[in-house]
Amino acid sequence: MTHKPQPTSGSQDGIESALHEDRVFPPPASADLGLGKWHVGSMAEYEAEHRRSVEDQDGYWGEIAKRLRWMKPFDSVLSGGFPEPRWFEGGQLNACDNCVDRFVDEGHGDEVAIIWEGEPVGDGGPEIRRVTYKELQEQTARLGNALKKLGATKGDVITIYMGMVPELAIAMLACARIGCPHSVIFGGFSSQAIADRVQDASSKIVITCDGGWRRGKVVPLKENVDNAIEMMGDTSPVEHVLCFGRCHNKIAWGELDRCWNEAMEAASADCPCEPMGSEDMLFLLYTSGSTGKPKGIVHTTAGYLLYAAHTGRLTFNLEPDQNQVYWCTADCGWITGHSYIVYGILPNRVPTLMYEGAPNAPAEDRFWDIVERHKVTQFYTAPTAIRAFMKWGDEHPKKHDLSSLKILGTVGEPINPAAWMWYRELIGGNRCPIVDTYWQTETGGHVITPLPGATDQHPGSCTRPAFGVDAAVVQRDGTECEADKGGLMVIRKPWPGMLRGVFGDRQRFIDTYFSTVYEGGDVDGTPYYTAGDGARRDTHGNFWIMGRIDDVINVSGHRMGTMEVESALVAHDAVVEAAVVGVPHEIKGTGIAAFVTLASGFEAGDDLKKQLGAHVADQIGAIARPDQVRFAEALPKTRSGKIMRRLLRDIAAGVEGTQDTSTLEDFNVLAKLRETEE
Ligand code: PRX
């Protein structure tokens, strides 16, 4: 370990950086880890390759694209620029083919593609399934045919709302196989959230499970879908609900319902992969933004798949035939599960492990038990989980042999250095490099991340841009910030994995991502992609993400729009007005604080707090339940009527206000709010 002093940090765009961290961990020699060769083995190699990848995009990506199996070669690599670049035009390929069929054709059909472990642990241990490429081929083909029989045609969006069972990956891949974009909804979302997304995507088919195991309880997935369809009433586009039986809990069975097993048995196992254009949509994934309505992020077949597979390979040093077992603990309902359980891992022919349930079921050592049992080599999780493990105590990982681990990853939010160090010591045995991967639903894959064999790791920093990513920290006029000055995180050139749109809303796509910063500050010039995050770059060129600069908060590494929670609150009869802000939280990183003013006739009190919490969970999902609800007679506003959220943030965090209050309309409001209890 080496210590390098860091200069003090400041701001150039009103973005303050407070973190000072000067520990540096150089990458280990791959021989030390028994990993074979590093794909990128030195900083010099990284720097030369990175320069080439941004200066010669056509040359670099044209070469990398040869790693995929194409049904028809592409005519060009990159055409056009921001906001709507096109990649690999003229080419045809299929994502399922690249994850599954090609390996059967190449003689690897009997190798394991997916290792799955169920949550319940019986006397004989947990249920484990190992799905080979050949089995995946057969299952995705049967399901593809079953979906066609239900009327699915190329281009139809199919909604998937399932627990973490292999059938979820099979459903995603079957959709890709027949050219139907999927929209996976996280199993923790509520009926209202399902209804909104199904309606926005006009989905005729929903694939679900009877239930899903979560911490010893059954989540009623099918019932949630039934309720969503009922809520939509006559406006529901749903014609069929295909249900996989996992928990055998009691479910209602109606006219729209179809049984997975019966449909699979009746379907033929012959279903060739549909040739898809490079820019055809592979999937839609809804994510929160700064308005009350989640947006459907559109990803395409060639660029996304290539980018996910390439970053997966390099960040985790994936290599077949090396006894690697890769495990990402995310749910497939988030982008992390899409990119780094399915599409970025399978094309590298390394087995991907899926775990069904909670990290503390039946006990707090479940993850380490899984690592030991399956001899996991690469392990990828979120800072919020790491903080929970720290709280649960060192004895849990210490009970297990974690010596199989070689590379550790984190994702979802900035990781605090204390959690980083704990992860390194307790889980990585001071031997495994940690890759702190910064990216977003919109970027498709890692855009800033260490490479395990090349990059010096700095606890709390996501370090260097990925290949092909021209990342920078800039001021609003597009000029780059000096080292250690906070600014806006931008990407200045297209990369293959970037989103291609917001489903059905081009203007929102352009306004959100391409209207903040222009090259040279000239609005008629080239726009930069703005990520919505603040960042700084240190004197060594490493990036430090400082968090969201819009009305989005990161709760347990999951994005939540404050407006979404506010809309849910004001939908309750008792609430006249609501303002939601993030508040520091020991485990979640950021928790949710809600300030509400009540309609007359409603009484402030614990009962109502509980009711409002349950109401938000019901409207959106449990992850959106506020950690604090405070009743306020009025909210602090500017003279023009805008709620002053920064003041509320201080109050929620219990810090004395250091903010400028000169535009506040009524000072009494602030004094009264400080008196409110949490
Ligand atoms: O604020 C950044 C944070 O998570 C946001 C993206 O959220 P989402 O689209 O839900 O994707 C999460 C999984 C990729 C970003 O705008 N974020 C993600 N990874 C990191 C991070 N912040 C700091 N460090 C990271 N490694």
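Both ligands and their constituent atoms are indexed starting at 1 by order of listing.
For ligand 1, the atoms lying closer than 4.0 Å to a non-hydrogen atom of Ile545 are 22 (N), 23 (C). When each atom of ligand 1 is checked for a heavy atom of Asp436 under 4.0 Å away, the hits are 24 (N), 25 (C), 26 (N). Near Val411, with a cut-off below 4.0 Å to any heavy atom, the atoms of ligand 1 are 13 (C), 14 (C).
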Apply the test ring-ring contact (aromatic ring centres under 6.0 Å, His included) to residues Tyr326 and Phe316: give CA-CA distance (whole Å), side-chain angles for both, the deciding distance (0.1 Å), then the verdict.
CA-CA 9 Å; Tyr326 164 93; Phe316 301 113; 5.1 Å; yes
Using the rule given for ring-ring contact (aromatic ring centres under 6.0 Å, His included), can you reason through Phe514 versus Tyr528, listing the C-alpha separation, both sets of side-chain angles and the distance that settles it, and then say yes or no?
CA-CA 6 Å; Phe514 298 101; Tyr528 291 165; over 10 Å; no
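Within the structure, the closest approach of His558 to ligand 1 does not fall below 4.0 Å when heavy atoms are considered. The shell of residues lying under 4.0 angstrom from ligand 1, judged by heavy atoms, includes Gly412.
Using a 4.0 Å cut-off between heavy atoms, Cys462 makes no contact with ligand 1 at all. With a 4.0 Å cut-off on non-hydrogen atoms, Gln440 touches ligand 1 through its backbone as well as its side chain. Counting heavy atoms under 4.0 Å from ligand 1, residue Asp533 touches it through the side chain alone. If you look at Asn554 next to ligand 1, the close heavy atoms, those under 4.0 Å, all belong to the side chain.
The OH atom of Tyr46 lies 11.0 Å from the CG atom of Leu314; values are rounded to the nearest 0.5 Å. With rounding to the nearest 0.5 angstrom, the CG atom of Asp550 is 7.5 Å from the CG atom of Asp533.
Ranking protein heavy atoms by distance to atom 23 (C) of ligand 1, first place goes to Pro414 N, 3.1 Å. In this structure, atom 8 (P) of ligand 1 lies nearest to the protein heavy atom Thr441 OG1, 3.5 Å. Of all protein heavy atoms, the one closest to atom 13 (C) of ligand 1 is Thr336 OG1, 3.4 Å. Atom 7 (O) of ligand 1 has Arg559 CD, 3.2 Å as its closest protein atom, hydrogens excluded (heavy atom only). Taking atom 25 (C) of ligand 1 as the reference point, the nearest protein heavy-atom neighbour is Glu413 O, 3.5 Å.
In this structure, the side chain of Ser461 engages the main chain of Phe543 through a donor-acceptor pair within 3.5 Å. When atom types are taken as modelled, the side chain of His39 and the backbone of Leu318 share a donor-acceptor pair closer than 3.5 angstrom. Within the 3.5 Å criterion, the main-chain N or O of His446 finds a donor-acceptor partner in the side chain of Tyr307.
Checking Thr410, Thr437, Thr336, Thr329 one by one against Tyr380, the side-chain hydrogen bond (donor to acceptor under 3.5 Å, both in side chains) holds for a single residue, Thr437. Exactly one of Tyr286, Trp334, Tyr161 qualifies for a ring-ring contact (aromatic ring centres under 6.0 Å, His included) with Phe186. That residue is Trp334.
When Tyr340, Trp439, Trp334 are ranked by how near their heavy atoms come to atom 18 (C) of ligand 1, first place goes to Trp439.
Because its NZ or CZ atom is both nearer than 6.0 Å to the ring centre of Phe189 and within 45° of the ring axis, Arg197 counts as a cation-pi partner of that residue.
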